[in-house]
Structure formats: structure tokens, C-alpha cells
Amino acid sequence: MSIVNHIICLQSRIESIAETSSKPGPAELGLDDTLAHLTLVGRRRVDMLLERVLAFSNDDDERAAAAHIQERTARVWHGGQAGHSSDDASERLQGSPGPKRV
């Protein structure tokens, strides 16, 4: 499965979390709006989901998708990177292999 397909799958799981852990708001939101409307408990659940994928997935594309969404959560929740580093994920999404980080 490609990175984009993994992003779609993770987004679906995040939307499931948002159904029970979200502040009232308009329906049919984009991912950034969905993330912004999550309660603290919902944010924690999304963060744990992404951390679990990053820690235990054997699929490089799935880990890149999780890193990309983690970068978006940092931007939405904290207004920036907030310690999340996914330059490799962003480069992979753009099709560039990028240098290996050590």
C-alpha cells in the first residue's frame, strides 16, 4: 500500500476517534479541522495511535504516513513542529528519497 493509502486509513481511524472524543462542530471536516476539534482525550488517543504505528509497524510507508499526520497534529495543536521530525516522510510524500538520517 502507498503512503497516501496509509494516510487515508489513518485518517479514517482518527475520524472514528473524533466521533466519540470531539467538541461539537460542523460535520464533514477536513483532517486539520477534525484534529482541531478533538478533546484532550481524543488528542491523546490520536497521539497514541500514531506513536504505536511509528514504534511497531514494519511497513516504511505506514510509518511515513504516521509521521506526516504527526507533523500535521503538531501544526494544528501547537502551531509548529513541537518536537516532531518527519522530514523524511515529507520527502517521501513528494517522491524524493532524501538523505538518510542517523
Side-chain angles (χ1 to χ4, degrees):
M1 208 173 359
S2 71
I3 295 173
V4 172
N5 288 335
H6 283 296
I7 289 173
I8 292 168
C9 289
L10 288 170
Q11 183 172 350
S12 175
R13 292 170 72 181
I14 291 168
E15 289 169 355
S16 295
I17 291 170
E19 288 176 5
T20 59
S21 301
S22 191
K23 301 171 192 168
E28 301 297 322
L29 302 172
L31 179 59
D32 288 349
D33 290 330
T34 300
L35 292 169
H37 284 87
L38 286 171
T39 62
L40 184 59
V41 171
R43 289 178 181 199
R44 182 174 289 160
R45 290 178 66 199
V46 167
D47 196 39
M48 287 189 300
L49 165 69
L50 298 173
E51 288 294 333
R52 188 172 56 238
V53 170
L54 289 168
F56 299 109
S57 177
N58 293 326
D59 186 332
D60 290 339
D61 288 344
E62 185 177 30
R63 285 195 313 270
H68 171 76
I69 293 177
Q70 200 172 47
E71 183 179 303
R72 289 177 72 172
T73 64
R75 188 172 55 244
V76 170
W77 296 341
H78 309 292
Q81 291 291 323
H84 296 299
S85 176
S86 62
D87 291 336
D88 290 338
S90 297
E91 290 169 357
R92 291 188 64 199
L93 281 171
Q94 296 171 2
S96 167
K100 289 283 185 188
R101 302 209 192 279
V102 178

Which heavy atom in [X] sits nearest to a heavy atom in [Y], and how many Å separate them?
{"X": "Ala36", "Y": "Arg43", "result": "O-NH2, 3.6 Å"}
{"X": "Gln70", "Y": "Leu54", "result": "OE1-CD1, 3.2 Å"}
{"X": "Ala64", "Y": "Ile3", "result": "CB-CD1, 3.9 Å"}
{"X": "Ser21", "Y": "Val41", "result": "OG-CG1, 4.4 Å"}
{"X": "Glu62", "Y": "Leu10", "result": "O-CD1, 4.5 Å"}
{"X": "Leu35", "Y": "Trp77", "result": "O-NE1, 2.9 Å"}

Quick one: are Ser57 and His6 in side-chain contact, heavy atoms under 4.5 Å? no
Cluster link Leu38 to Leu31, ILVMFWY, side chain under 4.5 Å: yes
For the backbone of Asp33 and the side chain of His37, can you confirm whether one donor and one acceptor N or O come within less than 3.5 Å of each other? yes
About how many Å separate [atom2] of [Y] and [atom1] of [X], when rounded to the nearest 0.5 Å?
{"X": "Leu49", "Y": "Arg44", "atom1": "CG", "atom2": "CZ", "value": "15.0 Å"}
{"X": "Arg72", "Y": "Thr34", "atom1": "CZ", "atom2": "OG1", "value": "9.5 Å"}
{"X": "Leu40", "Y": "Lys23", "atom1": "CG", "atom2": "NZ", "value": "9.0 Å"}

Per-pair distances, 0.1 Å, donor-acceptor, side chain in residues 11-18, under 3.5 Å, sequence neighbours excluded:
from	atom 1	to	atom 2	distance (Å)
Gln11	NE2	Glu15	OE2	3.4
Ser16	OG	Ser12	O	3.2

